[in-house]
Protein chains: 2
Amino acid sequence: MGVDCHHTESAQPGLEGAALASAVAAAESKCERTRERLTPPRRRVLERLLEADGPMKAYDLIAAYGQDGEPAKPPTVYRALEFLERLGFAHRIESLNAYVPCRMEGTSHRAAFLICECCGTAEEFEPDFAPQFAAAEAAGYAVRTVTLEARGLCPACKGGA
Amino acid sequence: MGVDCHHTESAQPGLEGAALASAVAAAESKCERTRERLTPPRRRVLERLLEADGPMKAYDLIAAYGQDGEPAKPPTVYRALEFLERLGFAHRIESLNAYVPCRMEGTSHRAAFLICECCGTAEEFEPDFAPQFAAAEAAGYAVRTVTLEARGLCPACKGGA
DNA sequence: AACCAATGCGTTATGAAATAACATAACCCG
DNA sequence: CGGGTTATGTTATTTCATAACGCATTGGTT
Ligand SMILES: [Zn+2]
Ligand SMILES: [Zn+2]
Ligand SMILES: [Zn+2]
Ligand SMILES: [Zn+2]
């Protein structure tokens, strides 16, 4: 990645087999509860995100879309991503122009990421936004969403160098 | 902007005349101290940012580059922006693909923004990253930079609606 | 002054990311 | 089944950003 430091590049291995199926099933049941539809394109994009070892670019998803190697058309993937984000199944990482599946079990949450500039992993964590919110609201703002992306080196890359 | 809510669109009026000249002069003297060069293209882009009423897109800067209406070539502006960011004279707002001049007097700082989804203003503020840093470093991360962008309604738009 | 390395600029071209617009299809509910 | 709503397929375009290369300027060295 950014720095010259070469690891075997999967601090966050993607899901396969049963784990993958289970994650998709969880999303499906959550959709049913809220009367949302996990349609084939949406499901396919979610699967690709879950299988991946790290953040996926939109055009990586487009290229990886079909089982047969057939790419999707851009709007197909962008629309699916919009849905997945809205439902909380995926997050966009602004500073990477990339997407990850949500890794937090809980329901609604405000996502934040620790992004390793060496190996490219993006670990989701549950931030404490209270101080920022307090300051912003004291200044008269009505905060709706917060994007927090911290960049640096993950434990593995920090040690190994 | 995003919401349908129409204000006179300049909660953050750009600089003109003496104020503009003074801001540019401050940047210039800071460059001299660090043996960096505020060359004509860099200066021009900085001026355009300072004059603007809000975040500027790269291609807005490209279009507004010449006094005579002549646009710049993209690399000219992107290189200048890279320089201005490196020196702390400008910040990129990831969630807008846009740029603002730095509004904080102090020296080095980690920028954070309150972005109004109605009028489009982006107010820079000095965040308190301590809790996030503590958590990240406890988890073994070495944090280098942090991007924090809060979106919502500014005081003016919240009230008026 | 002549030289040289380092940095910055101008220019052309291309690549990467995201959306507009519109027609068609599936779904849901009564 | 009818009609509104939601989702998809498809084509094209727009928006954002960088690669690559040669020339110019700078600042130090001999
Ligand atoms: Zn999440
Ligand atoms: Zn790493
Ligand atoms: Zn600043
Ligand atoms: Zn506002």
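Residue numbering restarts at 1 for every chain, and letters A, B, ... go by the order of the sequence lines. In what follows, every heavy atom counts, from backbone to side chain, and hydrogens, waters and symmetry copies are set aside.
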Euclidean distance, atom [atom1] of residue [X] to atom [atom2] of [N] [Å, nearest integer]:
| X | N | atom1 | atom2 | result |
| --- | --- | --- | --- | --- |
| Arg86(B) | dT7(C) | CZ | P | 10 Å |
| Asn97(B) | dA16(C) | CG | P | 17 Å |
| Arg79(B) | dA6(C) | CZ | P | 18 Å |
| Glu82(B) | dG8(C) | CD | P | 9 Å |
| Ile62(B) | dC9(C) | CD1 | P | 15 Å |
| Asp60(A) | dG15(C) | CG | P | 17 Å |
| Lys57(B) | dA17(C) | NZ | P | 16 Å |
| Lys73(B) | dA13(C) | NZ | C1' | 11 Å |

Does any part of the side chain of [Y], heavy atoms only, come nearer than 4.5 Å to the side chain of [X], both counted from C-beta?
| X | Y | result |
| --- | --- | --- |
| Pro71(A) | Tyr59(A) | no |
| Leu84(B) | Val45(B) | yes |
| Arg92(B) | Leu81(B) | no |
| Glu16(B) | Glu51(B) | no |

Donor-acceptor pair between [X] and [Y] side chains, under 3.5 angstrom:
| X | Y | result |
| --- | --- | --- |
| His91(A) | Glu85(A) | no |
| Arg44(A) | Gln67(A) | yes |
| Arg151(B) | Ser95(B) | yes |

>> Strictly distance-based, threshold 3.5 Å: is any side-chain N or O of Gln12(B) a donor or acceptor partner for the main-chain N or O of Thr121(B)?
In response: no
> Is the side chain of Glu149(B) donor-acceptor paired with the backbone N or O of Glu94(B) at a distance under 3.5 Å, no angle test?
Replying inline: yes
> Between residues 31-44 of chain B and DNA chain C, which residues have a heavy-atom gap below 4.0 Å?
Replying inline: Arg37(B), Thr39(B), Pro41(B), Arg42(B)
>> At a heavy-atom distance below 4.0 Å, which nucleotide of DNA chain D is the first touched by chain A, and which is the last?
In response: dA7(D) to dT11(D)
> In degrees, rounded to 10°, what is the bend between the two ends of the helix from dA1(C)-dT30(D) to dG30(C)-dC1(D), using five pairs at each?
Replying inline: 30°
>> Please determine whether side-chain contact (heavy atoms from CB on, under 4.5 Å) holds for the pair Phe83(B) and Leu87(B), giving the CA-CA distance in whole Å, both sets of side-chain angles, and the decisive distance to 0.1 Å.
In response: CA-CA 6 Å; Phe83(B) 170 86; Leu87(B) 276 281; 3.6 Å; yes
>> Quick check on DNA chain D: between Tyr65(A) and Ala98(B), whose nearest nucleotide comes earlier from the 5' end?
In response: Tyr65(A)
>> If you assign Pro74(B) and Pro74(A) each to the DNA chain C nucleotide with the nearest heavy atom, which residue ends up on the more 5' nucleotide?
In response: Pro74(B)
> For the salt bridge (charged side-chain N to carboxylate O under 4.0 Å, His left out) test, which of Arg43(B), Arg86(B), Arg42(B), Lys30(B) pairs with Glu36(B)?
Replying inline: Arg86(B)
